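Report on one structure; see the data block that follows.
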Amino acid sequence: MTGMCGRFSQYSPVADLVAGFDVDETVTDDGRPWRPRWNIAPTQDALVIASSADGTIRKAGPMRWGLVPRWADDIRIGNRMINARTDKVATSNAYRAALAKRRCIVPVDGFYEWAKPTVAAAGAGRTSKTPFNIHRADHAPLALAGLWETFSDAHDHLLRTFTILTCEANAPTARIHDRMPVILAASDFDRWLEPTPLGDDERARMFTPAPDDLLAYDEVSTLVNKPSNDSPELIEPVERHTRP
DNA sequence: CCAGACGTTGTT
DNA sequence: GTCTGG
DNA sequence: CCAGACGTTGTT
DNA sequence: GTCTGG
């Protein structure tokens with residue numbers, strides 16, 4: 001199927017989400033004020049931070065999740081471009097241009113991963129996957145590494161779209177799932193947002209799983225499965241520090 | 001040259 | 001657009 | 001990521 | 001099973 005890191009939250013106040021990114025301007029979502037979100041799904045708008053083409057202005061604003069390459073003629077291509085693998089992104093026709101010049105940061109409160117049922121659970125008749133909310137242990141927002149593009153639709157409407165980079169899971173996350181989003185260190189924010197190509201060494205440094213002690217996770221309700229559910233209840237732990 | 005892909009994960 | 005495959 | 005649709009013609 | 005929509 002499609003990507004991993006397929007759902008996330010942005011419920012902190014915008015000022016908290018963009019804190020630390022030295023943003024010059026925050027664009028509202030089509031004139032609507034930002035509202036907290038606990039269940040952002042592919043094709044929906046999220047708050048994303050990116051630089052102007054010349055690198056002088058840093059903006060936070062809405063982009064649609066699911067990168068649509070410039071050459072695409074159908075926005076639906078984005079439905080399966082919600083993640084970009086770090087081991088393929090530099091050579092991919094779909095992502096290479098964005099990797100060189102259009103990197104972005106997605107500030108999230110947490111992201112969701114679904115664990116397959118354990119052998120024991122499956123034996124007991126449980127066949128559905130279990131959702132987990134993964135967040136910083138101190139509950140501060142996380143900076144996910146992304147890429148963005150502009151897409152001009154049939155009516156010449158300009159649409160900004162983005163994707164989230166994925167790498168191998170770190171040790172705690174691997175108990176739930178074998179992939180995870182790339183989480184940037186604060187010392188890499190400025191370089192990541194510069195619209196100039198990265199060197200091999202820079203990619204090697206940034207494209208690594210987050211440190212094992214950065215994150216914590218909670219099992220959550222399957223209410224999160226349904227994209228139309230969007231409330232604080234989705235991040236309430238149903239069990240703390242459980243194993244999948 | 002033109003045609004066709006361009007993506008990810010999970011599962012088998 | 002740009003690359004690979006035929 | 002998960003949820004939900006997936007089809008056509010003719011008749012009421 | 002596979003695709004689209006959110």
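Keep in mind it's a predicted model, so treat the numbers as computed, not measured.
Ranking D/dC1, E/dG5, B/dC6 by closeness to the A/Trp71 side chain, first place goes to B/dC6. Side-chain atoms of A/Lys226 lie closest to D/dG4 of the nucleotides B/dC6, D/dG4, B/dT9. When distances are taken from the side chain of A/Arg76 to each of B/dT9, E/dT4, E/dG6, the shortest belongs to E/dT4. Nearest to the side-chain atoms of A/Lys116 among the listed nucleotides B/dT11, E/dG6, D/dA3 stands B/dT11. When the nucleotides D/dA3, C/dG1, B/dT11 are ranked by their closest atom to the side chain of A/Asn93, C/dG1 comes out on top. Nearest nucleotide to the A/Thr166 side chain, out of B/dT11, E/dG6, B/dT9: B/dT9. Of the candidate nucleotides B/dC6, E/dG6, C/dT2, B/dC6 has the atom lying nearest to any side-chain atom of A/Ala94. Of the candidates E/dG6, D/dA3, E/dG5, E/dG5 carries the atom nearest the A/Asn79 side chain, counting heavy atoms from C-beta on.
In this structure, A/Trp65 atom CH2 and D/dC1 atom C1' are separated by 7 Å, rounded to whole Å. Distance, A/Leu223 CG to E/dG6 C1': 16 Å, rounded to whole Å. Between the CG atom of A/Asp230 and the P atom of E/dG5 there is a distance of 21 Å, rounded to whole Å. A/Ile164 places its CD1 atom 12 Å from the P atom of B/dT9, with the value rounded to the nearest Å. One interatomic measurement links the two molecules: CG of A/Asn225 to P of D/dC1, which rounds to 12 Å at whole-angstrom precision. One atom, CG of A/Asp74, and another, C1' of B/dC6, lie 14 Å apart when rounded to the nearest Å. Per the geometry, CG belonging to A/Asn39 stands 14 Å off P belonging to E/dG6, to the nearest Å. Nucleotide B/dA5 holds its P atom 13 Å from the CG atom of A/Asp73, rounded to whole Å.
Within 4.0 Å (heavy atoms only), A/Tyr95 reaches sugar-phosphate atoms of the nucleic acid but no base atom. Residue A/Ala41 is classed as a base contact, given a heavy-atom separation below 4.0 Å to a base. If you check every strand for non-hydrogen atoms under 4.0 Å, A/Ala84 touches sugar and phosphate atoms only. A/Asp178 comes within contact range of the sugar-phosphate backbone alone, with a heavy-atom separation under 4.0 Å but no base atom that close. Among the protein residues, A/Pro42 comes within range of the nucleic acid bases, having at least one heavy atom under 4.0 Å from a base atom. The residue A/Thr163 sits apart from the nucleic acid: no heavy atom pair falls under 4.0 Å.
At a threshold of 4.0 Å, the pair A/Arg103-A/Asp188 does not count as salt-bridged, since none of the basic side-chain nitrogens sits closer than that to a carboxylate oxygen. Using a 4.0 Å cut-off between charged nitrogen and carboxylate oxygen, A/Glu168 and A/Arg179 do not count as a salt-bridge pair. With salt bridges taken as basic N to acidic carboxylate O contacts below 4.0 Å, one links A/Arg102 and A/Glu149. Between A/Asp213 and A/Arg136 there is no salt bridge, since no side-chain nitrogen of the basic residue lies less than 4.0 Å from a carboxylate oxygen of the acidic one. A salt bridge links A/Arg203 to A/Asp200: at least one charged side-chain nitrogen sits closer than 4.0 Å to a carboxylate oxygen.
Of the nucleotides present, E/dG1 is the one that pairs with D/dC6 by Watson-Crick or G-U wobble criteria, both distances under 3.5 Å.
Close to C/dG1, at under 4.0 Å from its OP1 or OP2, lies no side-chain N or O of A/Arg70. Contact annotation: A/Thr222 side-chain N/O to D/dC2 OP1/OP2 distance is not under 4.0 Å. For B/dC6, neither phosphate oxygen OP1 nor OP2 lies less than 4.0 angstrom from any side-chain nitrogen or oxygen of A/Lys88.
Side-chain rings of A/Phe8 and A/Tyr112 stay apart, their centers remaining 6.0 Å or farther from each other.
To the nearest whole angstrom, the two P atoms, one in B/dT9 and one in D/dC1, are 8 Å apart.
Side-chain atoms of A/Thr173 and A/Asn170 include a donor-acceptor pair closer than 3.5 Å.
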